[in-house]
Amino acid sequence: MDWKLEGSAQKTESHVLQEQEGILEDTGEDGISESFQLLQIDVASELQEGETLPTGSAVWCSKNVQRKQRHWERIVAAKKSKRKQEKERRKANRVENSGICPQHSKRFLRSLTKEKLLEAKHSGPRLCIDLSMTHHMSKKELSRLAGQIRRLYGSNKKADRPFWICLAGFATDSPLYEECLRMNDGFCSYLLDITEEDCFSLYPVETLVYLTPDAEHALEDVDLNKVYVLGGLVDESIQKKVTFQKAQEHSVKTARLPIQEYMVRRQNGKNYHSEILAINQVFDILSTYFETQNWPEALKKGVSSRKGYVLQNSVE
């Protein structure tokens, strides 16, 4: 009987070691207790009928198997500790970079953002994007415009004092709408107004201020009683004074960003200078100014150096 028990023990040990190696690769720290239970069941199932276990031991294991088990436990514990430290490090980085209190959950932050946007609908500044001129745009241009709308909305969500946004002249069966759905995750749930009406019939004309680089007068302040209009065009589509002429036809006040008042042309190899900005860049300037009441700071954020302009105090 001794040689039978010894052979059974060796078989049991080999089986346990093989099971440990497989489990160590496939399980994480959450499955430790279940894994030990499975090991014990497997060991017990290998014992032949009529064989007995040592007194005081639920499952017999050799010293070598026990040593392997302890080694495996140390590996799992080390991995668990490392993951916890990495999680705490990422959390600390998010707090440092965003200024968000660590006790604020994502659900709470989404609720806070929604509350701020809905408050802007009733008492905040208003921005209207005129999308009635997109029917002559190419697929590439529509894709770029859809991307600008996504970035504009993302910036507005992050703002401490967001604008309420309206996409006017925007048909839900248009190629641009399809492009927005394709490129912008969650576009259907954006907190903004979408209407097929143009901005000139949607709001009283006296409340509109059409922002165009061709306007004579510079914008001085952001007025809560005004609706600021941006032409939904991209660089390839812009023709001289298109938005300016459209505003003139409807007797709407126009204004340009005060780039000429606070910035100067910088010498560059291509001799390129342009005041034409993407709609998300214009919005970044408006939003920053509304929060800081500082035009140089706002222009620095929205006017890329590639446009050939720098702040006056930046010139050596």
Side-chain angles (χ1 to χ4, degrees), residues 99 109-132 148-170 189-233 243-244 246-248 250-263 275 277-303:
L109 294 175
R110 286 195 296 267
S111 176
L112 182 63
T113 298
K114 181 178 180 179
E115 182 179 340
K116 289 193 300 182
L117 289 173
L118 293 178
E119 182 179 351
K121 183 176 184 178
H122 301 288
S123 59
R126 289 171 290 174
L127 181 78
C128 180
I129 303 176
D130 181 8
L131 298 174
S132 63
Q148 293 175 13
I149 293 173
R150 180 186 67 249
R151 290 189 287 273
L152 186 154
Y153 183 74
S155 295
N156 194 46
K157 283 176 39 176
K158 297 177 182 177
D160 292 333
R161 304 173 67 187
F163 282 60
W164 182 251
I165 299 171
C166 176
L167 304 180
F170 193 25
S189 61
Y190 279 11
L191 287 175
L192 45 71
D193 287 331
I194 294 178
T195 178
E196 295 186 13
E197 291 187 66
D198 63 59
C199 57
F200 306 107
S201 59
L202 193 61
Y203 303 100
V205 173
E206 63 272 13
T207 65
L208 297 177
V209 178
Y210 212 117
L211 299 178
T212 169
D214 301 307
E216 180 180 354
H217 301 288
L219 182 66
E220 297 180 358
D221 199 1
V222 174
D223 189 345
L224 292 175
N225 296 317
K226 300 293 184 180
V227 179
Y228 296 93
V229 183
L230 300 179
L233 297 170
T243 53
F244 178 77
K246 188 172 184 180
Q248 292 287 85
H250 292 84
S251 301
V252 170
K253 180 181 178 180
T254 60
R256 57 176 172 80
L257 295 174
I259 296 176
Q260 300 173 13
E261 283 71 19
Y262 294 95
M263 308 187 83
E275 297 183 36
L277 305 174
I279 58 173
N280 58 292
Q281 293 173 321
V282 176
F283 175 77
D284 285 342
I285 294 172
L286 288 178
S287 178
T288 303
Y289 173 77
F290 185 62
E291 292 183 3
T292 64
Q293 297 295 300
N294 186 313
W295 277 119
E297 182 177 343
L299 292 167
K300 182 179 179 180
K301 181 174 182 179
V303 180

| field | salt bridge (charged side-chain N to carboxylate O under 4.0 Å, His left out) pairs, two or more places apart, involving residues 118-132 | value |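 Residue pairs passing salt bridge (charged side-chain N to carboxylate O under 4.0 Å, His left out), neighbours aside: Asp130-Lys246.
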Between atom [atom1] of [X] and atom [atom2] of [Y], what is the distance when rounded to the nearest 0.5 Å?
X      : Y      : atom1 : atom2 : answer
Gln281 : Arg151 : CD    : CZ    : 8.5 Å
Asp284 : Leu152 : CG    : CG    : 7.5 Å
Ile194 : Cys166 : CD1   : SG    : 8.5 Å
Leu211 : Ile279 : CG    : CD1   : 12.0 Å

Validation row: [X], [Y] side chains within 4.5 angstrom (heavy atoms):
X      : Y      : result
Tyr203 : Val229 : no
Phe290 : Leu224 : yes
Leu219 : Trp295 : yes
Ile285 : Leu277 : yes
Leu117 : Asn156 : yes

**Item:** Ring centers of Phe163, Phe283 separated by less than 6.0 Å
**Value:**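 Yes, the ring of Phe163 comes within the 6.0 Å limit of the ring of Phe283, centre to centre.
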Parallel, tilted or perpendicular: which one describes the rings of Tyr153 and Tyr190, with boundaries at 30° and 60°?
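Aromatic pair Tyr153/Tyr190 classed parallel.
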Can you tell me if Tyr289 and Asp221 form a side-chain donor-acceptor pair at under 3.5 Å?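 A pair is found: one side chain offers a donor N or O, the other an acceptor, under 3.5 Å apart.
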**Prompt:** Within a reach of under 6.0 Å around NZ of Lys116, are more than 12 heavy atoms found that belong to other residues, nucleotides or ligands?
**Reply:**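 Above 12, so yes.
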Exercise. Applying salt bridge (Lys or Arg N to Asp or Glu O under 4.0 Å) between Arg256 and each of Glu216, Glu261, Glu220, report the one that passes.
Key: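 Of the listed residues Glu216, Glu261, Glu220, the salt bridge (Lys or Arg N to Asp or Glu O under 4.0 Å) partner of Arg256 is Glu261.
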message: Taking ring pair (Phe, Tyr, Trp, His ring centres under 6.0 Å) as the definition, give me every residue that meets it alongside Phe244, ordered by chain and number, with sequence neighbours left out.
response: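 Scan of Phe244 (ring pair (Phe, Tyr, Trp, His ring centres under 6.0 Å), adjacent residues dropped) gives none.
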